[in-house]
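Sequence positions, counted from 1, serve as the residue numbers for this chain.
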Amino acid sequence: KRQGLSAGYYLALMGHKVTIFEQRKQLGGMLRYGIPNYRLPRKKLDDEIVSILSTGIEVRKNVSVGVDVTIEELHKEYDAMYISIGAHADKKMRIEGEDAKEGVTSAVEMLRVIGDDEMPDDTGKKVVVIGGGHAGAETANHIASYMKNVTIVELQEDIAMDEVDTPRNGLLADLKKNGVRICTSTAVQEIKDHSVVVSGKVNEEIECDTVVISIGHTPNTALADELKNAGYDVRIIGDAVSVGLVGPAVRAGYLTARQI
């Protein structure tokens with residue numbers, strides 16, 4: 001994750017021996033799995049990561065702490081542990097149909113797949129994106145760029161309101177260019193097998209093949225709670241504490257490194 005890489009970088013510069021455990025195939029966290037390539041080119045991100053790792057940081061990818069390696073093993077081998085697992089847990093709408101095993105996914109999961117360069121082949125399918133914040137709008141735009149029929153359903157009066165003006169204007173222009181339908185001031189009542197029932201400014205049953213839920217994400221505190229309850233001295237940083245922006249997350253990594 002971005003704050004984990006930041007902490008590792010500064011710890012390595014301070015002379016510590018640093019090992020990063022990463023559950024995914026690639027490093028970068030939300031910089032890779034939450035921001036589309038056209039907004040943050042992968043080559044630039046990869047170059048930055050190579051520069052960080054050149055300080056001598058060891059990386060172990062595809063490792064789930066608590067599954068592939070135990071907490072006890074880490075405690076015996078290392079003097080300090082930092083938890084920087086980001087905020088990859090999806091918020092729930094608590095409506096009927098959102099937990100369907102097929103045809104329903106989250107923006108975080110979809111961007112995660114795209115971040116691993118595993119593009120879903122849904123050309124020609126109809127997609128409804130629930131949630132028109134920054135992540136939902138970016139996801140809808142990315143999907144629509146592959147010639148898909150995309151509709152955004154947003155409860156607020158407008159979309160991408162959490163985005164600053166200049167990037168937002170470009171995003172809105174892209175959505176229009178890609179033919180994305182936008183339903184604002186509209187609430188989702190139910191997700192069915194091949195449709196989404198909405199009400200508000202728009203009252204209809206929207207046909208679709210796939211539903212992408214993007215109403216926000218939250219920290220997964222299970223690992224941190226487990227470590228604390230076991231009495232381990234751990235430090236939790238960045239999005240693992242609360243969801244924030246890139247700059248503060250990088251600074252949090254630096255400030256945490258100084259505590260050693």
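- Residues V153 and I206 have side chains in contact (heavy-atom distance under 4.5 Å, counting atoms from C-beta outward).
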Quick one: side chains of residues 169-176, donor-acceptor pairs under 3.5 Å with protein atoms, not counting sequence neighbours, listed by atom name and distance.
| from | atom 1 | to | atom 2 | distance (Å) |
| --- | --- | --- | --- | --- |
| N169 | ND2 | D165 | O | 3.3 |

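- Grouping the Ile, Leu, Val, Met, Phe, Trp and Tyr side chains by contacts below 4.5 angstrom, directly or via other members, places L45 with V59.
- Separation of atoms OG (S106) and CD1 (I130) is listed at 11.5 Å; rounding is to 0.5 Å.
- Judged by the 6.0 Å and 45° rule, R258 forms no cation-pi pair with Y10.
- When side chains are defined from C-beta on, V129 does not count as touching T151, because their heavy atoms never get closer than 4.5 Å.
- Atom CD1 of I143 is separated from atom CG of N178 by 11.0 Å, given to the nearest 0.5 angstrom.
- Checked by atom type and distance alone, the side chain of S54 never pairs as donor or acceptor with a backbone atom of I52 at under 3.5 Å.
- Side-chain atoms of D209 do not come within 3.5 Å of backbone N or O of K125 as any donor-acceptor pair.
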- Item | Audit row: K192, E96, salt bridge (Lys or Arg N to Asp or Glu O under 4.0 Å) steps and yes/no | CA-CA 8 Å; K192 297 185 177 182; E96 187 172 348; over 6 Å; no
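- Counting only heavy atoms from C-beta outward, the side chains of R168 and H134 never approach each other to under 4.5 Å.
- Looking at T55 and L13, their side chains come closer than 4.5 Å, going by heavy atoms from C-beta outward.
- Tracing side-chain contacts under 4.5 Å through hydrophobic residues (I, L, V, M, F, W, Y), one never reaches V197 starting from V150; they form parts of separate clusters.
- A distance-only check finds a donor-acceptor pair linking the side chain of S214 to the backbone of G136 [under 3.5 Å].
- Under a 3.5 Å cut-off, the side chain of S64 and the backbone N or O of V67 do not form any donor-acceptor pair.
- In this structure, the side chains of N62 and K25 come closer than 4.5 Å at one or more pairs of heavy atoms.
- The list of salt bridge (Lys or Arg N to Asp or Glu O under 4.0 Å) pairs with a residue in residues 53-66, not counting sequence neighbours, reads K17-E58, E58-R60, R60-E77.
- Among residues at least two apart or in separate chains, salt bridge (Lys or Arg N to Asp or Glu O under 4.0 Å) pairs with a member in residues 43-55 are R32-D46, K43-D47.
- In this structure a side-chain-to-backbone donor-acceptor pair under 3.5 Å is present from E154 to Q156.
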